[in-house]
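Below is one structure; the comments refer to it alone.
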Amino acid sequence: MSTPPPESPLSPHRTAERAGTPEPIGANIGGEAPTPAPPSATEPDAAQDFWRELRGSTQARIGLGRAGDALPTTDVLALRAAHAAARDAVHLPLDTAALTEQLDVVGLGTATTVASRASTRAEYLRRPDLGRLPADLSGVEKGSADIGFVLADGLSPRALAEHGPGLLAALAETLRERYTLAPPVIATQARVALGDHIAEAMGVRTVLVIIGERPGLSVADSLGIYLTHLPRPGRADADRNCISNIHPPDGLTYVDAARVVAGLVAGALALGRSGVDLKDTSRAESLSATDTSTIAAATENRDH
């Protein structure tokens with residue numbers, strides 16, 4: 001009986017194997033010793049030192065280097081993890097009971113919870129228009145406070161859960177001496193414009209909508225504040241002012257955000273409106289104060 005000829009590397013069987021899952025590098029083929037995996041080609045140390053210093057000033061993915069003609073495995077895995085965190089931040093349901101307990105500590109009164117007309121998270125994502133309309137506002141207490149607070153889950157309930165109580169505490173601490181503050185309202189499946197309906201029901205003069213911002217691959221827990229003076233249904237985005245990227249320690253701090261809000265509220269009262277005509281001057285005032293202090297200190301040192 002003759003021995004069959006050895007299988008050709010191009011035979012159908014081999015071709016099918018190659019079309020399937022490839023054998024790992026180093027597999028023991030034909031009894032040969034395992035072949036070690038080749039080392040990955042990475043950026044030179046000098047280049048990595050250059051990028052490492054710049055990475056300290058940004059959360060953006062810069063100077064990732066390469067392994068052959070692709071990204072290093074570590075960076076690929078980090079990117080996948082960031083993408084998963086962003087998706088989780090969008091779909092994570094807001095624990096309104098836990099958030100209500102945390103907001104009670106701020107001392108503005110017990111928070112009321114309302115919902116938009118989007119009945120599910122999937123519908124909320126597909127139908128932004130439903131997220132701008134209230135389902136029922138009968139539980140919202142009518143008053144005449146200067147400022148109302150709406151804490152909305154938005155596109156990152158995680159951000160509201162993590163930063164909402166701390167941010168509201170900083171806002172209350174900054175604003176309560178000059179203005180009357182209404183009890184907070186928690187809004188679920190909410191878009192920014194839902195705050196106009198809630199504010200009208202509350203009877204407030206200015207509303208601050210604290211909302212979870214759209215997660216990205218660098219930040220998944222960022223909050224934004226949308227300020228609207230004389231709110232009412234039908235207000236456009238041009239009628240609002242936005243303070244974004246609030247997520248200490250890497251983003252804007254609660255105290256700094258509250259300082260900006262205080263300046264905008266005062267400006268809206270003086271101007272009679274919010275929006276594109278209202279500008280944030282807090283940074284310029286801060287720099288001016290710093291320059292004045294520096295000049296005063298220099299003058300004092302010179303006199304001595």
Next on the checklist: Quick check on side chain to side chain contact (heavy atoms under 4.5 Å, CB included): which of Leu94, Thr112, Val150, Val114 does Ile186 satisfy it with?
Outcome noted: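 Of the listed options, the one satisfying the test is Leu94.
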
In terms of hydrophobic clustering (I, L, V, M, F, W, Y; side-chain heavy atoms under 4.5 Å; direct or indirect links), are [X] and [Y] co-clustered?
| X | Y | answer |
| --- | --- | --- |
| Val204 | Leu208 | no |
| Ile246 | Tyr226 | no |
| Leu151 | Tyr179 | yes |
| Leu278 | Val207 | no |
| Val209 | Val276 | no |

[X] vs [Y] side-chain heavy atoms within contact, under 4.5 Å:
| X | Y | result |
| --- | --- | --- |
| Arg61 | Leu79 | yes |
| Pro165 | Val106 | no |
| Ile211 | Val192 | yes |
| Ser274 | Leu264 | no |
| Pro231 | Thr206 | no |
| Trp51 | Ile62 | yes |
| Leu133 | Leu194 | no |

For residues [X] and [Y], report the shortest heavy-atom separation together with the two atoms involved.
| X | Y | value |
| --- | --- | --- |
| Ala190 | Ala152 | CB-CB, 3.7 Å |
| Val140 | Met202 | CG1-CG, 3.4 Å |
| Gly164 | Leu223 | N-CD1, 3.7 Å |

Next on the checklist: Is it true that Ser222 and Glu213 share a donor-acceptor pair across their side chains at a distance under 3.5 Å?
Outcome noted: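 Result is yes, a qualifying pair exists.
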
Checklist entry - Linking Ile, Leu, Val, Met, Phe, Trp and Tyr by side-chain heavy atoms under 4.5 Å, what else ends up with Leu230? => result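 Once heavy-atom contacts under 4.5 Å are chained together, Leu230 still belongs with nothing else.
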
Contact list for [range], test salt bridge (charged side-chain N to carboxylate O under 4.0 Å, His left out), sequence neighbours left out:
| range | result |
| --- | --- |
| residues 181-202 | Asp196-Arg240 |
| residues 138-167 | Arg121-Asp153, Asp146-Arg205, Arg158-Glu162 |
| residues 177-187 | none |
| residues 79-93 | none |

Next on the checklist: Between Asp256 and Arg259, does any side-chain N to carboxylate O distance fall below 4.0 Å?
Outcome noted: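 So Asp256 pairs with Arg259 through a salt bridge.
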
Checklist entry - For Ala122, what residues pass the side chain to side chain contact (heavy atoms under 4.5 Å, CB included) criterion, not counting sequence neighbours? => result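 Here the qualifying residues are Thr120, Arg126.
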
Quick one: does any side-chain atom of [X] pair with a main-chain N or O of [Y] as donor and acceptor, under 3.5 Å?
| X | Y | answer |
| --- | --- | --- |
| His247 | His163 | no |
| Asn241 | Gly275 | yes |
| Ser116 | Gln189 | yes |

